Amino acid sequence: MVLVDDLRSFADGRAAQVARTSAAGTEALERHRGQRLDELWLDHDLGGDDTIWPVVEVLEQAAFEGRPFDIGVVYVHSANPAGAARLMQALRRWDYEVRSAAGSPHVGYLAEAE
């Protein structure tokens with residue numbers, strides 16, 4: 001499981017690789033290439049000028065090349081409605097299973113972020 005979010009973590013402390021930037025998110029994806037990733041959790045805005053789009057481009061490029069990442073479900077938990085909608089549309093275009101998780105109790109702001 002991979003979570004890409006600059007501030008939030010899993011509220012229940014579940015084991016996950018957490019990436020705080022788009023660069024760390026793309027690195028996390030590359031480490032899982034060729035392996036099953038049951039869940040990928042994506043936030044749109046990653047602090048400052050950073051967004052999830054570099055991660056999305058890696059997913060799109062892999063699908064375009066005929067070797068999409070093996071992801072069970074991509075959960076979009078962004079509080080940015082317009083960004084989340086564009087993100088979900090982009091990934092669904094490439095046949096990734098995408099679900100909205102905005103406001104999910106599974107992710108939250110923790111006192112001690114990684």
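Throughout, numbering of the chain's residues begins at 1 and tracks the sequence. Here the structure is a predicted model, which is why all the values come from computation and not from measurement.
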Strictly by salt bridge (Lys or Arg N to Asp or Glu O under 4.0 Å), give each pair with a member in residues 69-85 just once, sequence neighbours left out.
Arg36-Asp70
Could you give the distance from CG (Leu29) to CD (Gln17), rounded to the nearest 0.5 Å?
9.0 Å
Measure the CG-CZ distance between Leu3 and Arg20 for me, rounded to the nearest 0.5 Å.
6.5 Å
By side chain to side chain contact (heavy atoms under 4.5 Å, CB included), Ala63 pairs with (sequence neighbours left out) Pro68, Trp94, Tyr96
Results of side chain to side chain contact (heavy atoms under 4.5 Å, CB included) for Glu65 - residues two or more places apart only
Gln61, Arg67
Side-chain contact, heavy-atom cut-off 4.5 Å: Leu46 with Thr21?
no
Just to verify, what does [X] make a salt bridge (Lys or Arg N to Asp or Glu O under 4.0 Å) with, not counting sequence neighbours?
X     : answer
Arg93 : none
Arg99 : Glu97
Asp12 : Arg14

Of all heavy-atom pairs between [X] and [Y], which one has the smallest distance, and what is that distance?
X     : Y     : answer
Ala28 : Val2  : CB-CG1, 4.0 Å
Asp5  : Leu7  : OD1-N, 2.8 Å
Ala90 : Glu60 : CB-OE2, 3.6 Å

Can you pull the side chain to side chain donor-acceptor pair (under 3.5 Å) pairs that have at least one residue in residues 46-55, sequence neighbours excluded?
Ser22-Asp50, His44-Trp53
Set of residues satisfying ring-ring contact (aromatic ring centres under 6.0 Å, His included) with respect to Tyr75, sequence neighbours excluded:
Trp41
Val76 reachable from Ile71 in the ILVMFWY side-chain graph, under 4.5 Å edges:
yes
Extract all donor-acceptor atom pairs below 3.5 Å that involve side chains of residues 80-88 and protein atoms in other chains or at least two apart in sequence.
{"residue": "Asn80", "atom": "OD1", "partner": "Ala82", "partner atom": "N", "Å": "3.3"}
{"residue": "Asn80", "atom": "OD1", "partner": "Gly83", "partner atom": "N", "Å": "2.8"}
{"residue": "Asn80", "atom": "ND2", "partner": "Asp45", "partner atom": "OD2", "Å": "3.1"}

Under 3.5 Å: donor-acceptor pair, side chain of His77, backbone of Ser100:
no
Under the side-chain hydrogen bond (donor to acceptor under 3.5 Å, both in side chains) test, residues paired with Glu30 that sit two or more places apart
Arg33
